[in-house]
K.L.:
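Please see the structure below; I have some questions.
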Amino acid sequence: MFGASRYGANGYQRRDEGREVTGLAGPLSRLMAAGLIGVSLAGMSLAAFMPSSAFAEQPDPPAAAPVTVNAGMGTGDAPLTTPLPPVSAPAPRAAATVPQPLSPASPAPVRGGVDSAGDTPQTHPAPSHPSAYPAPAQPVQAQQAPTPAQSAPAQPAPTVATPAPAAQPATPPVTVAVEDPLAPVAEAIAALLATPESVTASKKDQEGLVAFYGARQNMPVFVGLKGLDARGKAVIARLEAAGEDGLDPTDYAVPLPRPGAAAADLARTELKVAIAASTYARHAQAGRFDPGRISALVTPVREIPDPAAVLAKVAYAPDANAALAGFNPPHAGYRALKAQLARVTGQTPGIVAVPAGPQIRPGASDPRIPTLRTRLGTTGRAGDDTAYDPALVDAVKAFQEASNIKPTGIVGPSTITALNAGATPGGGSLKSDVIANMERWRWLPRDLGEAYVMVNIPEFLVRIYQSGHEIHETRVVVGKPQTPTPLLTREMQYIVVNPAWNIPPSIARNEMMPLLRSDPSALSRRGIEVVRNGSGGYSFRQVPSERNALGRIKFMFPNDHSVYLHDTPSKALFQNDRRAYSHGCVRVYEPLKFGEVIFNLGLPNDNWTQARIGKMFGSSERYVNLKQRFPVHIVYFNLVVDDAGRLAVREDLYGINAETKTLLGLTSKQRIADGASARGTAPKTR
């Protein structure tokens with residue numbers, strides 16, 4: 001074999017067993033090995049290209065063996081006589097392989113030879129004789145092999161004219177792109193997105209469209225040459241079914257392209273479907289308006305999806321319909337309301353208000369009984385529909401129990417208030433109330449937490465959950481309508497035992513100062529200190545004690561509203577059905593039981609008990625930092641579904657449900673998509 005090999009300026013040079021041989025034998029051998037030989041030498045022998053000393057080292061080929069050589073070696077090449085195979089037509093959306101001429105200055109590497117730089121050793125042994133190279137599929141018959149006398153001419157071989165371009169050989173295939181049939185649609189999309197403000201007024205949607213389609217070279221996702229493709233049809237199906245989740249399908253309507261639509265029309269449809277899908281995802285996950293429009297105290301943490309991420313998820317999901325539907329809340333409370341929505345859709349009576357009046361006791365007669373029957377869905381005795389009979393008493397007791405009212409069967413103010421929650425003059429729509437409550441579920445984080453605390457203001461209840469299961473529930477007192485409890489999500493971080501109460505300026509101004517003027521000793525009897533500050537004003541502080549307004553313990557989740565969960569000395573208030581008495585904080589019934597659960601969640605493996613917490617009570621504040629933090633969600637659902645699937649309606653204490661319906665256009669022609677501002681009776685900031 002060759003000791004070393006390289007291409008030189010005058011052809012091929014090799015060093016063989018100490019003798020240097022220069023000529024074209026090396027390149028010929030390599031090109032024949034590559035199967036690129038398709039012509040005979042037409043009367044010329046290999047001796048014309050090689051010195052006798054080199055050719056003598058190789059045995060002559062058999063007389064009958066055809067000898068072929070490839071054209072394209074230079075001016076001494078023979079003309080190409082075997083035609084090249086035709087190039088097959090490419091299929092759509094594919095690449096085609098076509099031959100590319102080989103430049104004489106840059107010979108292509110061949111199997112078993114050296115690379116184009118000439119410095120890579122052979123990986124396969126070269127054949128020892130030209131006849132050992134394979135012939136082409138349709139070889140041209142070679143002339144008789146030359147005799148030894150003819151193989152060593154005294155004069156150099158004559159110069160052969162440069163072959164025509166058609167004589168260039170086929171070389172390894174080169175991949176070239178074939179235009180996609182949807183390329184005109186992509187060009188139209190690019191033209192539209194050159195001015196994205198003409199496509200949508202939303203800055204976020206503009207950025208999302210440009211980012212998403214730019215990453216795809218503007219190729220469409222939802223349309224094909226004949227209109228909507230399968231993915232586009234799946235998206236449209238979800239948009240048309242938006243009513244199942246309390247959304248309005250008209251907000252996502254997309255006009256479909258006509259048969260045979262031009263590329264520009266298909267491009268416009270593509271972008272309209274994309275915008276509709278992005279809008280649906282935003283509405284489904286984060287709601288249809290900013291909750292702060294209701295009140296500055298409505299401050300939930302919403303997770304608004306990125307438009308480009310929405311389109312990417314829908315574009316590459318196995319099921320585009322399911323992917324889009326997945327932006328709706330995953331919470332069990334939302335799913336229960338969705339089931340109720342399917343039940344009440346199409347119902348017309350709505351919620352009929354029961355007029356106020358004196359208590360209705362079992363066995364009595366009252367003109368409000370027919371309305372009460374309608375509200376609870378019962379029938380009365382023939383000819384005596386005003387009698388409060390046992391069947392209606394049982395229905396009232398069931399309603400009271402579901403509404404956390406003592407089930408006495410007596411229809412008093414608390415029961416009437418609960419019965420009339422959500423009712424409007426002339427009868428309201430239960431469907432709109434369900435939709436409004438479903439909307440507020442969208443204001444919560446997708447992940448509520450492995451462990452979390454949830455306070456529902458209209459229920460006057462707090463619940464603690466772990467691993468998806470409720471582990472504690474107790475009553476709470478919430479803010480008065482004049483000083484409402486805010487809606488928020490924050491993280492429980494620490495607990496204060498024996499807290500002092502630094503009285504907020506608004507309470508000091510409105511309550512403490514008048515009390516101090518009327519009775520100078522009233523504050524000291526309550527353990528309230530008056531502290532003169534550096535600016536010449538006064539502040540009020542209540543020292544730790546049993547009389548302290550915060551009780552013996554408070555649970556801290558720092559927030560902008562300075563509210564928290566805490567104990568209270570006013571224990572009797574927990575016996576009332578309607579428990580809205582505070583200045584905004586949430587007072588907890590049986591705080592030691594509640595605290596035991598909180599301590600063990602936040603300080604696992606420490607074996608906290610009520611007795612252990614009680615031993616910390618004293619006259620000085622003690623802070624306990626939690627190792628495991630978890631969220632506190634203060635929410636507002638005046639429609640809830642119990643474990644038995646029964647829908648219970650609560651009082652719209654702060655008017656937030658009514659304001660939600662107004663902003664959603666459920667009580668008027670106003671549409672939230674128009675961006676109109678509307679504020680009703682919901683509480684404003686304190």
Side-chain angles (χ1 to χ4, degrees), residues 297 359 400-408 410 412-418 421 453-464 472-487 496-501 503-504 506-508 510-512 515 522-523 525-528 542 544-556 561-598 610 613-614 617 632 634-638 640 648 650-654 683 686:
L297 294 177
Q359 289 184 343
Q400 290 173 328
E401 186 175 6
S403 301
N404 287 312
I405 299 173
K406 189 175 182 180
T408 61
I410 300 172
S414 297
T415 301
I416 291 177
T417 297
V453 177
M454 181 173 283
V455 178
N456 188 16
I457 294 170
E459 283 190 290
F460 308 107
L461 291 175
V462 60
R463 298 178 177 92
I464 304 176
H472 186 74
E473 176 187 303
T474 192
R475 286 169 276 177
V476 295
V477 169
V478 300
K480 296 174 287 188
Q482 299 81 5
T483 55
T485 298
L487 276 62
V496 182
V497 182
N498 308 314
W501 183 33
I503 301 173
S506 60
I507 298 177
N510 298 327
E511 299 180 24
M512 300 301 156
L515 186 62
L523 298 184
R525 290 198 306 270
R526 300 182 183 186
I528 298 176
Q542 189 176 32
S545 70
E546 292 182 354
R547 297 172 298 175
N548 189 287
L550 305 182
R552 285 296 191 177
I553 189 169
K554 67 177 180 178
F555 306 89
M556 300 300 295
H561 306 289
S562 299
V563 300
Y564 32 83
L565 290 154
H566 65 83
D567 181 19
T568 178
S570 303
K571 310 294 186 183
L573 296 179
F574 291 106
Q575 304 306 315
N576 297 334
D577 297 325
R578 190 178 188 271
R579 298 184 290 274
Y581 302 105
S582 81
H583 292 94
C585 285
V586 179
R587 305 176 190 175
V588 183
Y589 182 61
E590 296 182 325
L592 286 180
K593 288 184 179 179
F594 180 82
E596 179 180 319
V597 180
I598 294 295
Q610 296 179 55
I613 298 172
F617 289 171
V632 175
I634 301 182
V635 299
Y636 194 96
F637 299 118
N638 68 314
V640 293
R650 313 293 185 191
E651 179 187 359
D652 187 8
L653 185 64
Y654 301 155
R686 288 174 290 174

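Treat the numbers as computed from the prediction; the structure is a model and nothing was measured.
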K.L.:
Just jot down the salt bridge (charged side-chain N to carboxylate O under 4.0 Å, His left out) partners of Glu401, sequence neighbours excluded, or say none.
P.N.:
none
K.L.:
Could I get the full list of ring pair (Phe, Tyr, Trp, His ring centres under 6.0 Å) partners for Phe460, not counting sequence neighbours?
P.N.:
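Ring pair (Phe, Tyr, Trp, His ring centres under 6.0 Å) list for Phe460, sorted by chain: empty.
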K.L.:
Quick one, Ile528 with Ile503, criterion side-chain contact (heavy atoms from CB on, under 4.5 Å). Give me CA distance, side-chain angles, the key distance, then yes/no.
P.N.:
CA-CA 9 Å; Ile528 298 176; Ile503 301 173; 4.0 Å; yes
K.L.:
Excluding sequence neighbours, so at least two apart, what forms side-chain hydrogen bond (donor to acceptor under 3.5 Å, both in side chains) with Asn498?
P.N.:
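Only Arg552 meet the side-chain hydrogen bond (donor to acceptor under 3.5 Å, both in side chains) criterion with Asn498.
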K.L.:
Any side-chain to backbone donor/acceptor pair from Asn548 onto Pro499? Under 3.5 Å, distance only.
P.N.:
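Flag set: sc Asn548 to bb Pro499 pair under 3.5 Å.
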K.L.:
Under the rule for side-chain hydrogen bond (donor to acceptor under 3.5 Å, both in side chains), what residues qualify as partners of Thr485, not counting sequence neighbours?
P.N.:
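Checked Thr485 against side-chain hydrogen bond (donor to acceptor under 3.5 Å, both in side chains); zero matches.
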K.L.:
Which pair of non-hydrogen atoms, one from Lys571 and one from Thr568, has the smallest distance, and what is that distance?
P.N.:
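Taking Lys571 first and Thr568 second, the nearest heavy atoms are NZ-O, 2.9 Å.
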K.L.:
Which residues pass the side-chain contact (heavy atoms from CB on, under 4.5 Å) test with Leu592, sequence neighbours left out?
P.N.:
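Expected list: Gln610, Ile613, Phe617.
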K.L.:
Do you know which two heavy atoms are closest between Ala580 and Gly479, and how far apart they sit?
P.N.:
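Closest approach of Ala580 to Gly479, heavy atoms only: CB-O, 3.6 Å.
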K.L.:
Should we count CD of Gln575 as having more than 12 external heavy atoms under 6.0 Å?
P.N.:
yes
K.L.:
Checking Lys406 now: which residues fulfil salt bridge (charged side-chain N to carboxylate O under 4.0 Å, His left out) with it, not counting sequence neighbours?
P.N.:
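So Lys406 forms no salt bridge (charged side-chain N to carboxylate O under 4.0 Å, His left out) with any residue.
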K.L.:
Is the backbone of Leu550 close enough, under 3.5 Å, to the side chain of Gln542 for a donor and an acceptor to pair up by distance?
P.N.:
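Not a single qualifying donor-acceptor pair exists.
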K.L.:
Of the options Leu487, Leu565, Val588, which is the one that meets Val455 in a side-chain contact (heavy atoms from CB on, under 4.5 Å)?
P.N.:
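Checked Leu487, Leu565, Val588 against Val455; only one passes side-chain contact (heavy atoms from CB on, under 4.5 Å): Leu565.
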K.L.:
Would you please name every residue forming a side-chain hydrogen bond (donor to acceptor under 3.5 Å, both in side chains) with Glu473, sequence neighbours left out?
P.N.:
Arg463
K.L.:
So which heavy atom on Phe637 is nearest to which on Val640, and how close?
P.N.:
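Minimum heavy-atom separation between Phe637 and Val640: O-CG1, 3.9 Å.
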K.L.:
With sequence neighbours excluded, give me every salt bridge (charged side-chain N to carboxylate O under 4.0 Å, His left out) pair touching residues 573-589.
P.N.:
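Every pair satisfying salt bridge (charged side-chain N to carboxylate O under 4.0 Å, His left out) with a residue in residues 573-589: Arg578-Glu651.
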K.L.:
Drop me the distance from Thr474's OG1 to Glu590's CD, to the nearest 0.5 angstrom.
P.N.:
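Here the interatomic distance stands at 5.5 Å.
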K.L.:
Can you list everything that forms a salt bridge (charged side-chain N to carboxylate O under 4.0 Å, His left out) with Lys480? Sequence neighbours excluded, please.
P.N.:
none
K.L.:
Angle class for the Phe594/Phe555 ring planes (parallel below 30°, perpendicular above 60°, tilted otherwise)?
P.N.:
perpendicular
K.L.:
Just checking, Arg475 and Phe574: is the charged tip under 6.0 Å from the six-membered ring centre and within 45° of the axis?
P.N.:
no
K.L.:
For Gln359, give me all partners under side-chain contact (heavy atoms from CB on, under 4.5 Å), at least two apart in sequence or on another chain.
P.N.:
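Partners of Gln359 by the side-chain contact (heavy atoms from CB on, under 4.5 Å) criterion, ordered by chain and then number, come out as Arg361, Ile410.
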K.L.:
Asn456: which residues meet the side-chain hydrogen bond (donor to acceptor under 3.5 Å, both in side chains) condition with it, sequence neighbours left out?
P.N.:
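Per chain and number, Asn456 pairs via side-chain hydrogen bond (donor to acceptor under 3.5 Å, both in side chains) with Glu459.
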K.L.:
List in chain and number order the residues that pass side-chain contact (heavy atoms from CB on, under 4.5 Å) with Pro569, two or more places apart in sequence or in another chain; answer none if no residue qualifies.
P.N.:
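By the side-chain contact (heavy atoms from CB on, under 4.5 Å) rule, Pro569 matches no residue at all.
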